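Predicted, not measured: the structure shown is a model, and the values here were computed from it. When a residue number appears, it is its place in the shown sequence, counting from 1. Only heavy atoms go into these numbers, but all of them, side chains included; no hydrogens, no water, no symmetry mates.
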Amino acid sequence: MLSFSFRRQVIAAAAVTVLAVPGSLCAQTPDHPADTAQFPTSHDLKSLTKSGSYLAARHASVERDASSAAAFYRSALRTDPKDNDLLDRAFISSVADGDIDEAIKLAERILTVDKTNRVARLVLGVRDLKLKKYAAAQTNINQSIRGPITDLVATLLSAWASYGAGDTKTAVAGIDKLTGPEWYPIFKDLHAAMILELSGKEKDAGVRLERTYKLEDSMLRVSDEYARWLSRNKDEAAAIAVYEAFDKKLARHPLVAEGLRETRAGKKLPPLVDSPQTGAAEALYGIGATLTRRGGEDLALVYLQLSLYLAPNNPLALLSLADLYESVKKPAMAIKVYERMPASSPLKRNAQIQLATDLDAADRSDDAIKILKGVTADDPKDVEAIMALGNIERGRKKFADCAETYSHAIEALPSPDDKNNWITFYYRGICEERSKAWTKAEADMRKALELQPEQPHVLNYLGYSWIDQGTNLDEGMKMIKRAVDQRPDDGYIVDSLGWAYYRIGDYNEAVKNLERAIDLKPEDPTINDHLGDAYWRVGRTLEAKFQWAHARDLKPEPEDLPKIEAKIENGLPDDGTASSASADKKDGPAAAADKKKEEGNGG
């Protein structure tokens, strides 16, 4: 229901924001913790000229380092306090960084020279809401309207300010008066219902919630709030039915699981919000989270930071903000957000799993493994956490460890023969093969195919393994061809077919398929290495040396580099026993689709 029209409004609103506010609304921090030296010190800032600070700030913005950008812009602003462009940029970078107190100071300065600055009005309006200055909040918020998204946000925040001032009637009437796109009613009725609940008008709230639920029963906050209302005003069975219906759409969500537990225990669940401040924070979070999923990251960042200014421990807002940072490939900033998750939240475990994933992405795999081992120690049946641990170990080539970890995952599976569990057996098979336990690996690959008979990654891995070992040649080749038929544009799988032809001595077919694999993945060192070998075998020796040189320059695995250099110097022996670097390995098959590339694609 929210899809196409909402997405168009998101893109339009984000475009207006970027045009209206100088600079990019950027996420913070470099990709690796070791890069903290990039952050400006007080000495750095004092030693820079205005132009130096400005250029450093612009670079930080491009790198999505809002903290450094804000510091550099403020440094430049100190040298020229009347530069309104610098003022705007420092302000918006401070909002993006979540330094709302600093943003408030800058917003007040902005409004002395530009009373129409809508983002500054919004920030000050949220500040007023937090301070319970409801009349001032309404004045500022009502001047922040820009278009469909900001119009809705301003209306909801103004309604919460009216409620805070003791005027429920005006609050609800303001919401009802708003007209707009077809997705407005979900947010309108949800927040009108929340206001009515807190005003003691439970029956009226129920009418709104039922209507909202019928419009969008797949939205977590709608289902949760409606189930909570049912638990207080109808009966336990009705509330449980709503939670169970949501669970069928998105299984095992921690907040739904908690709601089910408490409802079944006979508890009357309170509303999701308990004050104008948490209500306004909920509005900012709800729209910010939706924007994040629909391509409006810049505007979403503003809303989520303001939401957390009002309600710093809101677990869903924290998860949404971290998810936003992940979407712009800033795991280091996502880490900082996940670390803020309250220990008491049912979402703490989810945050820990994602935290570990981001720590691994930031080359802190030991920390990631430690966290996941702690999660799995608390719940040895937590398959998601166990799989996350195995995936990190596999990515870091701890193959004996990941084989054991995936075994724990299989033991914890409630239904191991469910077809969706093929990937667990496949991953364990990879770890076993790389640990030189081929008999076990082959059994797991066969099990994965039993569960998903045409899964292309498994067909590719098992088929290539057989050909590499000189066994089941016909069946292995058929498997790889079936994988290619399903994934004709997957360079790694096409490479496997070409390399399989090479291994059985059909060099012309090897060249044909490996050239196609290069077209699909030109920057992969292993595929370039393979093509060099195939060229050499068909007598195209100059081209072979070119491909090997290209493979060398593409930073192959350290153990492969000496072998590639030796081939550049001496070529291949006439008897064909010394083939490519990857085929020379003694730890099992090594098609390009194997190792770090294909292993990741399976998920």
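Panel note: side chain Asn421, backbone Thr424; no donor-acceptor pair is recorded below 3.5 Å. Judged by distance alone, with hydrogens and angles left aside, the side-chain atoms of Thr263 form no donor-acceptor pair with the main-chain N or O of Leu260 at under 3.5 Å. Proximity of a side-chain donor or acceptor of Asp97 to a complementary backbone N or O of Ser93 within less than 3.5 Å is not detected.
Between Tyr226 and Trp229, the ring-plane angle classifies as parallel under the 30° and 60° cut-offs. Classified by interplanar angle (parallel below 30°, tilted 30° to 60°, perpendicular above 60°), the ring pair His253/Phe246 is perpendicular.
Looking at Glu210 and Lys234, no side-chain N of the basic residue comes within less than 4.0 Å of a carboxylate O on the acidic one, giving no salt bridge. Remark: Glu216 does not engage Lys249 in a salt bridge, criterion side-chain N to carboxylate O under 4.0 Å. Look at Glu197 and Arg232 and you find a salt bridge, because one of the NZ, NE, NH1 or NH2 atoms lies within 4.0 Å of a carboxylate O, short of that distance. A salt bridge does not link Asp101 with Lys105: none of the charged nitrogens is closer than 4.0 Å to a carboxylate oxygen.
When each of Lys201, Arg208, His191, Lys177 is tested with Val172 by the rule side chain to side chain contact (heavy atoms under 4.5 Å, CB included), just one qualifies, namely Arg208. The only member of Thr116, Val126, Val119, Leu122 that meets side chain to side chain contact (heavy atoms under 4.5 Å, CB included) when paired with Ser144 is Leu122.
Between Leu255 and Arg221, the closest side-chain pair of non-hydrogen atoms falls below 4.5 Å. Counting only heavy atoms from C-beta outward, the side chains of Gln352 and Met341 never approach each other to under 4.5 Å. At least one side-chain heavy atom of Glu326 sits under 4.5 Å from a side-chain heavy atom of Gln354. Counting heavy atoms from C-beta outward, Glu282 and Asn314 have side chains that approach closer than 4.5 Å. Between Leu319 and Tyr285, the closest side-chain pair of non-hydrogen atoms is not below 4.5 Å. Between Leu321 and Leu301, some side-chain heavy-atom pair lies under the 4.5 Å cut-off. Considering only heavy atoms from C-beta on, Ile195 comes within 4.5 Å of Ile175 through its side chain. Ile186 has its side chain within reach of Met219: a pair of non-hydrogen atoms, C-beta onward, lies under 4.5 Å apart.
Nearest heavy-atom pair across Ala280 and Leu310 is CB-CD1, 3.8 Å. Across all non-hydrogen atoms, the minimal contact from Glu297 to Leu324 is O-CD1, 3.6 Å. Across all non-hydrogen atoms, the minimal contact from Tyr303 to Gly288 is CB-CA, 4.1 Å.
Between the side chains of Asn140 and Asp128, at least one donor N or O lies within less than 3.5 Å of an accepting N or O. Looking at Ser415 and Asp418, their side chains never bring a donor and an acceptor atom within 3.5 Å of each other. In this model, no donor atom of one side chain and acceptor atom of the other lie less than 3.5 Å apart for Tyr338 and Asn350.
Atom NZ of Lys348 has more than 12 heavy atoms from other residues, nucleotides or ligands within 6.0 Å.
The line from CG of Leu129 to OG of Ser275 is 9.5 Å long, rounded to the nearest 0.5 Å.
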